[in-house]
Protein chains: 2
Amino acid sequence: MKALDDRALAHVADYFRALSEPQRLRALNALRERPRNVSELTELLGCSQANTSKHLATLARHGLVSRRSEGTVAIYEIADPRVYQLCDIVCGQLAQNFAAQARLLGHSTPARSRR
Amino acid sequence: MKALDDRALAHVADYFRALSEPQRLRALNALRERPRNVSELTELLGCSQANTSKHLATLARHGLVSRRSEGTVAIYEIADPRVYQLCDIVCGQLAQNFAAQARLLGHSTPARSRR
DNA sequence: ATACAATATTCGTATATAGCGATGCACGCA
DNA sequence: TGCGTGCATCGCTATATACGAATATTGTAT
C-alpha cells in the first residue's frame, strides 16, 4: 500500500513535471488548434528542431500527446484533453492573482484572461 | 501581448513545477486533513527538517499554502484548494492507466475511473 | 544504389534543485 | 540575560534536464 502510494505519487509528480516547461505548454497550446508536424512546431516554438523533438518525446512519454507517422513526417496531436482542464484551472488562478496584484497597484483591472 | 503571454506561460509552468515533487505532493496531502507545523510535516515526510522547510517555502512562494506563526511554531495550511482539483484530474487519469494496464494483463478491471 | 528531407538521438555545457549537515535567527522561558 | 526550541538559511554534492550542434536514422524519390 505504501509502495503503491509512492509509485502513484511519483507518477503524478512526473505528470506535473511534464507540464512544467513553457516550451511544452506552448506546444500543447499550438496542438490545441490542430495536429501538427515537428517542423511546424519547431517554427512556432522558435527553438532548435532537436529540442522540439525532445519536448514532444517527453509529452508523448507521459501520454499527453500521440505520434503518428505520415511518410517522413511525424504528426503529433493531443492524446489527453484533460491537459486543458488542468491549464484552465491554473490559469483561472493566475487571473485571480493578476487581479489581486492589479488591485494592490491601484490599476483598474483590464478585463483580460477571460476564459 | 507576446511578452505577457510569455510571462503567463512561465507562471503556469512554475506552478506545475511546484507540484512536480513527490515530497511536496505528500505534504499537500497531509495538509488536506488539517493545518500542520513544520515538525509534524518533517516526521510525515521522513526527510530532514531543512528539506521540509524548503519544500514548504516553495509551495508558499507559489501560493499553494499559507504560513502563520504561533510563537516559535510555523503552521502551514492549504491556501489554494484547487490543488486538489488538479491532483484529482491527474489521478483519474492514473486510474484509467491502471485499468488499461490491468485489462492488458487480463485482470478483471475493478470498475473505477468513471470520471 | 544515391541523394535528399524530416525526425530522432548523441554529446557537451550550463543551470536548477533535491537532499543533508551545520549554522543562523527569533521567540518564549527560567 | 542566557538558554533551549522551532524554523529558516547556507554551503555543499549529486542528479536532472534544457539547449544547440552534430550525427544517426528513417522514408521517399530518382
Trainee: For B:Cys87, which residues count as a side-chain contact (heavy atoms from CB on, under 4.5 Å) partner, sequence neighbours excluded?
Mentor: A:Phe16, B:Leu25, B:Val83

Trainee: Give me the distances for all protein-to-nucleotides 17-23 of chain C N/O pairs that come in under 3.5 Å?
Mentor:
residue : atom : partner : partner atom : Å
C:dA18  : OP1  : B:Arg24 : NH2          : 3.3
C:dA18  : OP2  : B:Arg24 : NH1          : 3.4
C:dG19  : OP2  : B:Asn51 : ND2          : 3.1
C:dG19  : OP2  : B:His55 : NE2          : 2.6
C:dG19  : O5'  : B:Asn51 : ND2          : 2.8
C:dG19  : N7   : B:Lys54 : NZ           : 3.0
C:dG19  : O6   : B:Lys54 : NZ           : 3.2
C:dC20  : OP2  : B:Ser48 : N            : 3.0
C:dC20  : OP2  : B:Ser48 : OG           : 3.1
C:dC20  : N4   : B:Lys54 : NZ           : 3.2

Trainee: How would you list, by chain and number, every residue that makes a side-chain contact (heavy atoms from CB on, under 4.5 Å) with A:Ser48, sequence neighbours excluded?
Mentor: A:Ala50, A:Asn51

Trainee: What residues join A:Val73 in its hydrophobic cluster, counting side-chain heavy atom gaps under 4.5 Å, either direct or through other members?
Mentor: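 Via sub-4.5 Å side-chain contacts, A:Val73 links to A:Ile75.
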
Trainee: Can a donor-acceptor pair be found between the side chains of A:Arg61 and A:Thr58 at a distance below 3.5 Å?
Mentor: yes

Trainee: Once salt bridge (Lys or Arg N to Asp or Glu O under 4.0 Å) is applied, do any residues pair with B:Arg32, and if so which ones, sequence neighbours excluded?
Mentor: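 Only B:Asp88 meet the salt bridge (Lys or Arg N to Asp or Glu O under 4.0 Å) criterion with B:Arg32.
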
Trainee: Test of understanding: with salt bridge (Lys or Arg N to Asp or Glu O under 4.0 Å), list the residues that count as partners of A:Arg68, not counting sequence neighbours.
Mentor: A:Glu70, A:Glu77

Trainee: Taking only heavy atoms on the protein side, list every residue of residues 66-76 of chain A lying under 4.0 Å from any atom of DNA chain D, sorted numerically.
Mentor: A:Gly71, A:Thr72

Trainee: Taking only residues two or more places apart in sequence, or in another chain, which ones meet B:Gln85 in a side chain to side chain donor-acceptor pair (under 3.5 Å)?
Mentor: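 Here no residue qualifies.
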
Trainee: So, A:Tyr84 side chain and A:Leu28 main chain: donor-acceptor pair closer than 3.5 Å or not?
Mentor: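 Yes, because the side chain of A:Tyr84 sits within donor-acceptor range (under 3.5 Å) of the backbone of A:Leu28.
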
Trainee: Just grab all the salt bridge (charged side-chain N to carboxylate O under 4.0 Å, His left out) pairs involving residues 38-48 of chain B, residues at least two apart or on different chains.
Mentor: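 The answer is B:Arg34-B:Glu40, B:Arg36-B:Glu40.
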
Trainee: Check side chain to side chain donor-acceptor pair (under 3.5 Å) between B:Ser69 and all other residues, then give those that pass, not counting sequence neighbours.
Mentor: B:Arg67

Trainee: Going 5' to 3' along DNA chain D, which are the first and last nucleotides with any atom under 4.0 Å from a heavy atom of chain A?
Mentor: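 Taking any atom under 4.0 Å from a heavy atom of chain A, the span is D:dT17 to D:dT28.
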
Trainee: So B:Ser53, base contact, sugar-phosphate only, or nothing? Heavy-atom distance under 4.0 Å.
Mentor: base

